[in-house]
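Single-structure report; data block below.
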Amino acid sequence: MTQHSSATRSGASPLSRAGLLWGLAGVTAFSFTVPLTSIAVTGGLPPLFVGTGRAVFAAALAAVALAATRQRLPQGGQWGRLAVIAAGVVIGFPVLTSYALTTASAGHSAVVIALLPAATAVVAVVRERQRVRPMFWLVAAMGAAVAIGFAAVQGGRLTGLGWSDLLLLGAVVAAAVGYAEGGLLARELGAWQTVSWALVVSIPVTGALAAFSWWEQPSTAGVPEWASFAYLAVVSMYLGFFAWYWGLAIGPMSSVSQIQLIQPVLTICWAAIILREGLTWPVVGGGAAVIACATVAVRTRMSPSVRQEELSA
């Protein structure tokens, strides 16, 4: 693993089968996150510990990888940007989803989280000050409206959202900010290096919160819960990013990144198989509608000029 071994390759215009397969491997790894988080938090592990403890273990792996490959330290403002990434994808998303899944089903959560690709595209557009067609904003807004409407109807609250739904929407915003900023910083530090440094930067916060959570509420979990936690720490929080970012590196990024749109479909399937959650028509229909909006939003954002800029980055 060299310093920029996972950086985007220049001029990778044709869609590579290897890039597609590595991207699919990363998305498949991430698709187990919601069901396994549900097992962990409903089986005796404190939600705060699940959300932060997995980052502590992943940070230990990251520190070893960074030291073994002698990566250079981030410079100047890169530290602040790493803090933003850590706040979004290392702390924000895991903690918020952990608390949400104490009451929300995995399938329900997957539909709301299906907003993530479109939300990431919106943040990237704002962050890079890209000019996009009005259709992009319209479809992104439609996707948000469909997800919020689904959450309200599923919860039986036609006049408002439940607490778990607000937590899930907050998790989507946090991850979108972290993904977008991480994608930009990865051009400077390298992809897996950016994730690794974000994990290391977060150790003072995640370590303190995990220790406090364990002291306040000792675990009563068994083997299935700890096995789920181990997967979240090793794969969801760290190794999954290796496959995902390597697929993006082989590219082209604009094509491989759209594989993420199948993640909620896989998550709903795993929830049905692993957690025995029924595949109801509202869940299937709501998921299909949100994914359709996210697909159009991502594709609308990817105008020919933007695609060319990414391919030559």
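For the single chain, residues carry numbers from 1 onward in sequence order.
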Task: Transitive ILVMFWY side-chain link Phe57 to Met237, under 4.5 Å - done: yes
Task: For the student: nearest non-hydrogen atoms of Leu199 and Ala62, plus distance - done: CD1-CB, 4.1 Å
Task: Stepwise side-chain contact (heavy atoms from CB on, under 4.5 Å) test for Ile262 and Leu24 - done: CA-CA 9 Å; Ile262 71 170; Leu24 181 60; 3.5 Å; yes
Task: Under 3.5 Å: donor-acceptor pair, side chain of Gln71, backbone of Leu66 - done: no
TODO: Output the distance between atom OG1 (Thr103) and atom NE2 (His108), rounded to the nearest 0.5 Å.
DONE: 8.5 Å
Task: Nearest heavy-atom neighbours spanning Ala110 and Thr267 - done: CB-CG2, 3.6 Å
TODO: Taking all non-hydrogen atoms of both residues into account, name the closest pair between Glu277 and Ser105 and its distance.
DONE: OE2-CB, 3.5 Å
Task: Validation row: Tyr179, Val89 side chains within 4.5 angstrom (heavy atoms) - done: yes
TODO: State, yes or no, whether a side-chain contact exists between Pro264 and Ile113 at a heavy-atom distance under 4.5 Å.
DONE: no
Open item on the list: Within the 4.5 Å heavy-atom criterion, are Phe242 and Trp22 side-chain neighbours or not?
Closed with: no
Task: Contact check, side chains of Val95 and Leu209, non-hydrogen atoms, under 4.5 Å - done: no
Open item on the list: Would the distance check show the side chain of Glu225 and the main-chain N or O of Gly222 forming a donor-acceptor pair, the cut-off being under 3.5 Å?
Closed with: yes
- [ ] Could you tell me whether the side chain of Thr194 reaches within less than 4.5 Å of the side chain of Ile85, counting heavy atoms only?
- [x] yes
Task: Shortest non-hydrogen separation from Ala271 to Ala106 and the atoms involved - done: CB-CB, 3.7 Å
- [ ] Hey, could you give me the OG/CH2 distance between Ser202 and Trp197, rounded to the nearest 0.5 Å?
- [x] 12.5 Å
Task: Path from Val173 to Val122 over hydrophobic side-chain contacts below 4.5 Å - done: no
Open item on the list: A side-chain contact here means heavy atoms from C-beta on lying under 4.5 Å apart; do Leu189 and Gln78 qualify?
Closed with: yes
Task: 4.5 Å side-chain heavy-atom contact, Leu96 and Leu168 - done: no
Open item on the list: For a side-chain contact (heavy atoms from CB on, under 4.5 Å) check, start with the C-alpha distance between Tyr238 and Trp192, then their side-chain angles and the critical distance, and finish with the verdict.
Closed with: CA-CA 9 Å; Tyr238 196 50; Trp192 74 265; 4.1 Å; yes
- [ ] Please confirm whether the backbone N or O of Pro74 pairs with a side-chain atom of Trp79, one donor and one acceptor, at under 3.5 Å?
- [x] yes
TODO: Starting at OG1 of Thr52, measure out to CD1 of Ile91 and round the result to the nearest 0.5 Å.
DONE: 8.5 Å
Task: Side-chain hydrophobic cluster, 4.5 Å single linkage: members besides Leu184 - done: none
Task: side-chain contact (heavy atoms from CB on, under 4.5 Å) assessment of Leu167 paired with Thr97 - done: CA-CA 7 Å; Leu167 291 174; Thr97 53; over 6 Å; no
Task: Backbone of Arg81 reached by a side-chain donor or acceptor of Glu181 within 3.5 Å - done: no
TODO: For the pair Glu216 (side chain) and Ser213 (backbone), establish whether a donor and an acceptor sit closer than 3.5 Å, ignoring hydrogens and angles.
DONE: no
Open item on the list: Whether the side chain of Tyr231 engages the backbone of Ala29 through a donor-acceptor N/O pair (distance < 3.5 Å, no angle test) should be reported.
Closed with: yes
Open item on the list: I'd like to know if Leu232 and Ile273 are part of one continuous hydrophobic network [Ile/Leu/Val/Met/Phe/Trp/Tyr, side-chain heavy atoms within less than 4.5 Å].
Closed with: yes
Open item on the list: Restricting to non-hydrogen atoms, name the atom on Ala65 and the atom on Thr69 that form the minimum distance, rounded to 0.1 Å.
Closed with: O-OG1, 2.7 Å
TODO: Assert yes or no for the condition that the ring centre distance of Trp244 to Phe241 is strictly below 6.0 Å.
DONE: no
TODO: Decide whether Val84 and Val90 are clustered together by the hydrophobic rule: side chain heavy atoms of Ile, Leu, Val, Met, Phe, Trp, Tyr closer than 4.5 Å, transitively.
DONE: no
Task: Closest heavy-atom pair and its distance - Ala104, Ser109 - done: CB-OG, 3.7 Å
Open item on the list: Same cluster or not: Val205 versus Phe212, using hydrophobic residues (I, L, V, M, F, W, Y) connected whenever any side-chain heavy atoms lie under 4.5 Å apart?
Closed with: yes
Please list, one pair per line, the donor and acceptor atoms closer than 3.5 Å that link side chains of residues 32-50 to other protein atoms, with sequence neighbours excluded.
unit_1	atom_1	unit_2	atom_2	d
Thr33	OG1	Phe30	O	2.9
Thr33	OG1	Ser236	OG	2.8
Thr37	OG1	Thr33	O	2.7
Thr37	OG1	Arg54	NH1	3.4
Thr42	OG1	Ser38	O	2.5

Task: Side-chain donor-acceptor contact under 3.5 Å, Ser31 with Trp270 - done: yes
